[in-house]
Amino acid sequence: MQSDFLVIGSGLAGLSFALRAAEHGTVTLITKGDALDSNTNWAQGGIASVLPDGLRDDGDSIESHVADTLDAGAGLCNEEVVRTLIREGAETIDDLVAHGTDFDREGDRYALGKEGGHSHRRILHARDTTGHEIATSLVEAARKTENIRILENHFTIDLITTGKLGSVTEDRVIGAYVLEKETGEVHIFRSDRIVLATGGCGKVYLYTTNPDSSTGDGVAMAWRAGANIANMEFIQFHPTCLYNPAATGPEARSFLVSEAIRGEGAVLINDKGEDFVKMADPRGSLAPRDIVARAIDREIKKTGAACVYLDATHKPAGFMRERFPFIYEKLRSFGLDAETQPIPVVPAAHYQCGGVVTDVDGKTSIRGLFAVGEVACTGLHGANRLASNSLLEANATARRALERMLKTYRPERDAPTAPQIPAWEHGDTTAPDEQVIIYHNWDELRRLMWDYVSIVRTDNRLRRAGTRLRNLRKEVRDFYWGHRVNADILELRNLVAVASLIVDCAIRRHESRGLHHTLDYPGIDERLQRDTILRRF
């Protein structure tokens with residue numbers, strides 16, 4: 001199957017790129033689940049943008065947003081990238097509105113919220129389901145676009161590069177092996193321009209706010225193809241995931257309670273009613289996420305409590321129901337009334353700040369391969385993502401990626417001689433009795449990462465994690481090559497690869513910076529103010 005552009009992933013980044021690219025050629029968009037199964041669709045908070053004069057918060061500016069981003073990133077942001085993408089924020093909002101996104105308004109102006117690390121109100125939202133509003137509008141627009149073919153329930157196994165096929169003159173992408181989940185068939189999709197937009201890797205941890213699809217597929221595929229990977233030690237833990245052991249089902253265990261609630265005045269307290277985060281940072285509950293998550297982790301370990309609480313009970317009656325209707329009703333379904341009861345919360349894995357190394361246009365180290373959105377490491381987030389910058393980055397880099405492709409690549413001039421692509425090799429037996437072992441390995445991996453490589457780390461824990469991951473990698477290789485592959489094996493293979501990259505990066509960083517906090521090196525070492533870059537070859 002051939003197309004001018006191949007997009008892997010159906011979140012904001014992938015859909016935004018596809019809609020633009022369709023004006024210049026055929027687009028195949030592959031997603032391993034439903035088109036709406038993405039981190040974008042789960043995003044509650046919003047998208048950060050400094051709007052034009054007359055529409056922005058008083059005193060806000062591009063410089064202020066840049067300063068907040070650099071401060072949150074703990075010295076590892078690429079300032080040029082930060083300035084470039086933040087300057088394109090207003091244009092990003094215009095793009096989304098043009099595709100049907102309906103942001104909340106107050107009269108003739110957008111209603112702007114505030115979140116942790118932001119010095120001004122600059123977060124646009126659609127109540128508390130902003131991601132769903134964006135995702136549904138873009139999916140609908142893509143389905144109506146003639147040049148876009150969306151293939152749901154298709155799992156991309158691996159990228160195909162000329163280097164892997166033996167070329168000594170160049171290494172570029174020429175396609176991908178893709179599993180059709182319903183039939184079990186593996187197809188070859190050919191394209192010289194491929195965009196990874198696969199999102200993050202939250203499911204590598206036992207507790208996460210991410211959907212089940214977030215298994216690090218793009219990072220793992222890029223790594224196997226030979227792309228550079230950076231800063232995977234910086235995994236952001238969202239401070240406020242619902243803690244309610246009496247509730248059942250995976251949604252109850254991973255329900256995110258939006259940071260926007262803190263932006264509107266809710267406060268994190270312990271079981272004595274104390275504002276404990278103030279002791280760690282004068283900004284209290286609105287400090288950057290790395291600081292808040294560590295404060296919660298420290299409070300829980302110090303007191304032995306199972307959780308802390310997010311208290312919005314001091315807000316006027318009806319506030320939670322009107323401003324955060326989705327969250328309010330979901331909590332009600334779990335037996336909690338946020339207007340009269342503090343919400344029990346704990347941190348959970350939320351966002352990867354590292355990923356496939358790219359420039360500001362999403363270009364990777366492999367010719368023809370681009371990465372956009374959470375899967376990419378552009379330099380915007382540094383060692384800790386500023387809240388609501390991710391949707392801004394996803395849309396802005398998608399636009400820039402297409403512009404870069406159109407400027408630098410001409411099929412009639414640059415297309416390589418089409419090599420013969422061999423059929424994908426795999427085992428030819430099914431092993432239903434082995435499925436239990438696959439699930440056991442999945443569970444072991446996620447518990448291992450939660451216990452040894454989460455909010456606070458030590459060299460000893462990281463070494464132990466690395467040793468156990470080596471054993472898991474061997475078992476997964478046996479599954480992958482010994483049996484007919486299904487989606488469970490593919491996801492486990494990718495999770496083990498990404499977990500290993502996280503541990504390898506964490507072992508190399510001998511300091512505490514941003515989201516990487518280790519008891520063995522509790523301070524920042526200015527000599528280590530650089531990215532942790534891993535190269536396979």
Evaluation steps, side-chain contact (heavy atoms from CB on, under 4.5 Å), between C353 and L515: CA-CA 9 Å; C353 291; L515 299 164; 3.6 Å; yes

Please lay out, stage by stage, how E259 and T240 fare under the test side chain to side chain donor-acceptor pair (under 3.5 Å). CA-CA 7 Å; E259 185 161 328; T240 53; over 6 Å; no

Taking only residues two or more places apart in sequence or in another chain, which ones pass ring pair (Phe, Tyr, Trp, His ring centres under 6.0 Å) with W442? none

Closest approach of L380 and C77, non-hydrogen atoms and distance? O-SG, 3.3 Å

Got V257 and I261 here, is their nearest side-chain heavy-atom distance under 4.5 Å? yes

If we ignore angles and hydrogens, is there a donor and acceptor under 3.5 Å between the side chains of S388 and E115? yes

Between R513 and A74, is there a donor-acceptor pair closer than 3.5 Å when you use the side chain of the first and the backbone of the second? yes

Verify side-chain contact (heavy atoms from CB on, under 4.5 Å) between N486 and F155, making sure each step is shown before the conclusion. CA-CA 9 Å; N486 58 29; F155 198 125; over 6 Å; no

Can T161 and R172 be said to form a side chain to side chain donor-acceptor pair (under 3.5 Å), step by step? CA-CA 5 Å; T161 66; R172 69 162 302 135; over 6 Å; no

Is there a donor-acceptor pair closer than 3.5 Å between any side-chain N or O of S512 and the backbone N or O of T518? yes

With heavy-atom distances below 4.5 Å as the criterion, would you say the side chains of I455 and H517 are in contact? no

In this structure, CD of E299 is separated from CG of L268 (nearest 0.5 Å) by 10.5 Å

Using a 3.5 Å distance criterion without hydrogens, assess whether the side chain of T208 forms a donor-acceptor pair with backbone atoms of V204. no

Which distance, rounded to the nearest 0.5 Å, do you find between the CG of N231 and the CD1 of I533? 7.5 Å

Qualifying residue for ring pair (Phe, Tyr, Trp, His ring centres under 6.0 Å) with Y207, from F237, F255, W450, Y243: W450

Using the ring of each side chain (for Trp, its six-membered ring), is F17 parallel, tilted or perpendicular to F5, with breaks at 30° and 60°? perpendicular

Contact between L519 and R457 at the side-chain level, heavy atoms closer than 4.5 Å - yes or no? no

Evaluate the salt bridge (charged side-chain N to carboxylate O under 4.0 Å, His left out) criterion for residues D525 and R509: first the C-alpha distance (whole Å), next the side-chain angles of each, then the deciding distance (0.1 Å), finally the verdict. CA-CA 10 Å; D525 187 339; R509 186 164 291 281; over 6 Å; no

Go through the structure and list residues passing side-chain hydrogen bond (donor to acceptor under 3.5 Å, both in side chains) with K203, not counting sequence neighbours. D212

For D158, does its backbone N or O pair with a side-chain atom of T156 as donor and acceptor, under 3.5 Å? no

Tell me the ring-ring contact (aromatic ring centres under 6.0 Å, His included) pairs involving residues 364-391, sequence neighbours left out? Y351-H381

Hey, are R464 and D459 close enough for a salt bridge, meaning a charged N less than 4.0 Å from a carboxylate O? no

Determine whether V308 and I269 make a side-chain contact, defined as any pair of heavy atoms from C-beta on separated by less than 4.5 Å. no

Donor-acceptor check, side chain of S500 to backbone of V496, threshold 3.5 angstrom: yes or no? yes

Using the test side-chain hydrogen bond (donor to acceptor under 3.5 Å, both in side chains), find all partners of T69 that sit at least two apart in sequence or belong to another chain. N389

Would a distance-only check, ignoring hydrogens and angles, find a side-chain to backbone donor-acceptor pair under 3.5 Å from Y205 to V453? yes

Within a reach of under 6.0 Å around CD of E182, are more than 12 heavy atoms found that belong to other residues, nucleotides or ligands? no

Can any side-chain N or O of N78 pair as donor or acceptor with the backbone N or O of V81 at less than 3.5 Å? yes

Is the closest side-chain heavy-atom distance between M221 and L196 below 4.5 Å? yes

Would you say the side-chain atoms of R535 pair up with the backbone N or O of A227, donor to acceptor, closer than 3.5 Å? no

Determine the minimum heavy-atom distance between A499 and L445, stating which atoms define it. CB-CD1, 3.7 Å

Give a yes or no on whether a salt bridge exists between R447 and D451, defined as a side-chain N under 4.0 angstrom from a carboxylate O. no

What heavy-atom pair brings I229 and V219 nearest, and what distance separates the two atoms? CD1-O, 4.0 Å

Taking side-chain hydrogen bond (donor to acceptor under 3.5 Å, both in side chains) as the criterion, tell me which of T198, D217, T215 meets it with N494. D217

Criterion side chain to side chain donor-acceptor pair (under 3.5 Å) on S16 and N395, from CA distance to verdict: CA-CA 6 Å; S16 180; N395 191 72; 2.7 Å; yes

Tell me whether H154 contacts the main-chain N or O of E152 through its side chain, where contact means a donor paired with an acceptor under 3.5 Å. yes

List the residues meeting side-chain hydrogen bond (donor to acceptor under 3.5 Å, both in side chains) with E79, not counting sequence neighbours, and say none if there are none. R83

Stepwise salt bridge (charged side-chain N to carboxylate O under 4.0 Å, His left out) test for R463 and D504: CA-CA 9 Å; R463 283 193 296 268; D504 288 348; over 6 Å; no

Specify the closest pair of heavy atoms between I194 and G175, including all atoms of both residues, with the distance to one decimal. CD1-O, 3.5 Å

Are M232 and C201 close enough that some pair of their side-chain heavy atoms sits under 4.5 Å apart? yes

Quick one: side-chain hydrogen bond (donor to acceptor under 3.5 Å, both in side chains) partners of E80, sequence neighbours excluded? none

Strictly distance-based, threshold 3.5 Å: is any side-chain N or O of T358 a donor or acceptor partner for the main-chain N or O of T364? no

Would you check, one step at a time, whether the test side-chain contact (heavy atoms from CB on, under 4.5 Å) holds for E526 with E511? CA-CA 9 Å; E526 298 302 338; E511 65 168 349; over 6 Å; no

Under 4.0 Å between a Lys/Arg side-chain N and an Asp/Glu carboxylate O for E491 and K32? yes

Compare all side-chain heavy atoms of V173 with those of R367 and state whether any distance is below 4.5 angstrom. no

Given Q352, which partner from the list R385, Q236, E374 fulfils the side chain to side chain contact (heavy atoms under 4.5 Å, CB included) test? E374

Check the pair W424, V485 against side-chain contact (heavy atoms from CB on, under 4.5 Å), reporting the backbone distance first and the verdict last. CA-CA 11 Å; W424 183 68; V485 166; 3.7 Å; yes

Side chains of H238 and T209: donor-acceptor distance under 3.5 Å anywhere? no

Side-chain contact test, heavy atoms from C-beta onward, threshold under 4.5 Å: evaluate it for I291 versus P288 and give yes or no. yes

Does this structure show an ion pair linking K363 with D361, if we count only N-O contacts that are shorter than 4.0 Å? no

Between N153 and E180, does a side chain to side chain donor-acceptor pair (under 3.5 Å) hold up when you go through it step by step? CA-CA 7 Å; N153 297 306; E180 186 177 355; over 6 Å; no

